[in-house]
Amino acid sequence: MQKFDWNDLQGFLAVVRAGRLTTAALQLGIDHSTLSRRIVGLEKALGVALFDRRSAGYVLTTEGERLIPDAEAVESLAIGIRSRSDNAALGLVGSVRIGTPEGFGTYFLAPEMARLATQHPQLEIELIANPRMFSLSKREADIAISMTRPDTGRLHARKLADYELGIYAARSFLERHPPIDGQSSLAAHTWVGYVEDLMWTRELDYLSDIPAAPPPRIRISNVISQMAAVTGGVGLGVLPCFMARREPELVRLLPDQIKLFRGYWLVTHAEARDSVRVKMVADYVVERIKVAGDAFWKDS
């Protein structure tokens, strides 16, 4: 077997995760022809074809599938060596990517970035606030905020907070419709909820916890757009209290009868825990959660 270097394996993993050569090259910051040569060089060194080149993208061969765990093991080793060699000062140079649900990222974490940026001017933060799960093993993020505690993989999870949700409607909606004076009144109204097959976690299935609620007639894939629809008077919706209280147009309905609770977890990969940058940012998020306290996450 011919010699190959880490850059070849790094390029291989980038193509595996991106599915397309051009996308992977862009993520690595190199020309796609350079990446192509690295893949070809790796295949020659190993004496096997790792991908089938198709018009729709690069598809792994059986040999390519077999190489993934070994390549990821080398990647993890390289990350660990680099992280352990960082001292506390150098560890705050570089970037940390945080993947979060859109509500948490937009309404809590994004405003908290100012203090972190001021304290560590050479630190770069990538905040990915999308309604999806983030794979830490595939390096989609260094830190993930999840609504459930992971039960598989080499992951470390810390409970951040429980947050309260309630039923909300716009003042304009309530002015145009009969009063809602009990749970028996809920079924007569239009509801806003999730597109069922786009729920990235079953924790978002709020309406199943409210037996009197009908299936939503207006279905939207993310909570920020749902809140905009409810605020605009489209119908009733279940919203996190920490978001809804920002909108003076919204009124909480039946607060003594209907209270829902969900949780947030901070998750890091086992290798990433050795990184000074990742540990510092994770600890910062935990600290800001404690400072915010229950008054932020629950209805006062």
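Predicted model only: the values in this text are computed from it and were never measured.
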**Report entry** His120 and Leu116, any side-chain heavy atoms less than 4.5 Å apart
**Finding:** yes
Query raised in the report: Any side-chain heavy atom of Trp191 within less than 4.5 Å of one from Pro214?
Result: yes
Query raised in the report: In this structure, are over 12 heavy atoms from other groups packed under 6.0 Å from Glu287 atom CD?
Result: yes
Query raised in the report: In this structure, which one of Tyr107, Tyr264, Phe104 forms a ring pair (Phe, Tyr, Trp, His ring centres under 6.0 Å) with Tyr163?
Result: Tyr264
Report task. Give a yes or no on whether the ring-centroid distance for Phe108 and Phe296 is below 6.0 angstrom. Result -> yes
Query raised in the report: When rounded to the nearest 0.5 angstrom, what distance separates CE in Met243 from SG in Cys241?
Result: 11.0 Å
Query raised in the report: For Asp162 and Lys298, which heavy atoms make the closest approach, and how far apart are they?
Result: O-CE, 3.6 Å
Report task. Answer yes when Glu43 and Arg53 have at least one side-chain N-carboxylate O distance shorter than 4.0 Å, and no when they do not. Result -> yes
Query - Validation row: Met280, Val96 side chains within 4.5 angstrom (heavy atoms) - result: no
Query raised in the report: Are any side-chain N or O atoms of Ser185 and backbone N or O atoms of Ile180, one a donor and one an acceptor, separated by less than 3.5 Å?
Result: no
Report task. Working to the nearest 0.5 Å, report the span between OG1 of Thr268 and CG of Leu155. Result -> 7.5 Å
Query raised in the report: Can you tell me how far OG of Ser225 sits from CD1 of Ile218, rounded to the nearest 0.5 angstrom?
Result: 13.0 Å
Query raised in the report: Taking everything shown except Met133 itself, do over 12 heavy atoms lie less than 6.0 Å from its CE?
Result: no
Query raised in the report: Can you list the steps and then say if Ser208 with Asp205 is a side chain to side chain donor-acceptor pair (under 3.5 Å)?
Result: CA-CA 6 Å; Ser208 65; Asp205 188 14; 3.3 Å; yes
Query raised in the report: Just by distance, with hydrogens left out, do Asp31 and Thr34 show a side-chain donor and acceptor under 3.5 Å apart?
Result: no
Requested in this report: Find out whether Ile143 and Val285 are in side-chain contact, i.e. whether some heavy atom of one side chain is under 4.5 Å from a heavy atom of the other.
Outcome: no
Query raised in the report: Within a strict 4.5 Å, meaning less than it, do heavy atoms of the Val230 and Phe173 side chains meet?
Result: no
Report task. Answer yes when Arg132 and Glu140 have at least one side-chain N-carboxylate O distance shorter than 4.0 Å, and no when they do not. Result -> yes
Query raised in the report: In a check of side chain to side chain contact (heavy atoms under 4.5 Å, CB included) between Val16 and each of Leu67, Leu50, Ile68, which one passes?
Result: Ile68
Report task. Working to the nearest 0.5 Å, report the span between CG of Leu160 and CD1 of Ile289. Result -> 5.0 Å
**Report entry** Listed partners of Glu63 passing salt bridge (Lys or Arg N to Asp or Glu O under 4.0 Å), at least two apart
**Finding:** Arg66
Query raised in the report: Just how far is it from atom OH of Tyr194 to atom OG1 of Thr201, taken to the nearest 0.5 Å?
Result: 10.0 Å
Report task. Determine, for Arg262 against Asp209, whether the closest basic-nitrogen to carboxylate-oxygen distance falls under 4.0 angstrom. Result -> yes
Query raised in the report: Which residues satisfy the salt bridge (Lys or Arg N to Asp or Glu O under 4.0 Å) test with Glu247, sequence neighbours excluded?
Result: none
Query - Close side-chain approach of Phe12 to Ile39, heavy-atom, < 4.5 Å - result: yes
Report task. Check whether any side-chain heavy atom of Leu165 sits under 4.5 Å from a side-chain heavy atom of Tyr206, and report yes or no. Result -> yes
Query raised in the report: Do Asp283 and Arg158 sit within salt-bridge range, that is, some charged N less than 4.0 Å from a carboxylate O?
Result: yes
Requested in this report: Measure the CZ-CG distance between Arg37 and Leu42 for me, rounded to the nearest 0.5 Å.
Outcome: 15.0 Å
Query raised in the report: Should Thr118 and Arg115 be marked as a side chain to side chain donor-acceptor pair (under 3.5 Å) after you check the CA-CA gap, both sets of side-chain angles, and the distance that decides it?
Result: CA-CA 5 Å; Thr118 300; Arg115 182 190 301 266; over 6 Å; no
Query - Leu239 vs Arg252 side-chain heavy atoms within contact, under 4.5 Å - result: no
Query raised in the report: Under a single-linkage rule joining Ile, Leu, Val, Met, Phe, Trp and Tyr whose side-chain heavy atoms are separated by less than 4.5 Å, which residues share a cluster with Phe134?
Result: Ile128
Query raised in the report: Is it true that a side-chain atom of Glu249 and a backbone atom of Ser172 form a donor plus acceptor pair closer than 3.5 Å?
Result: yes
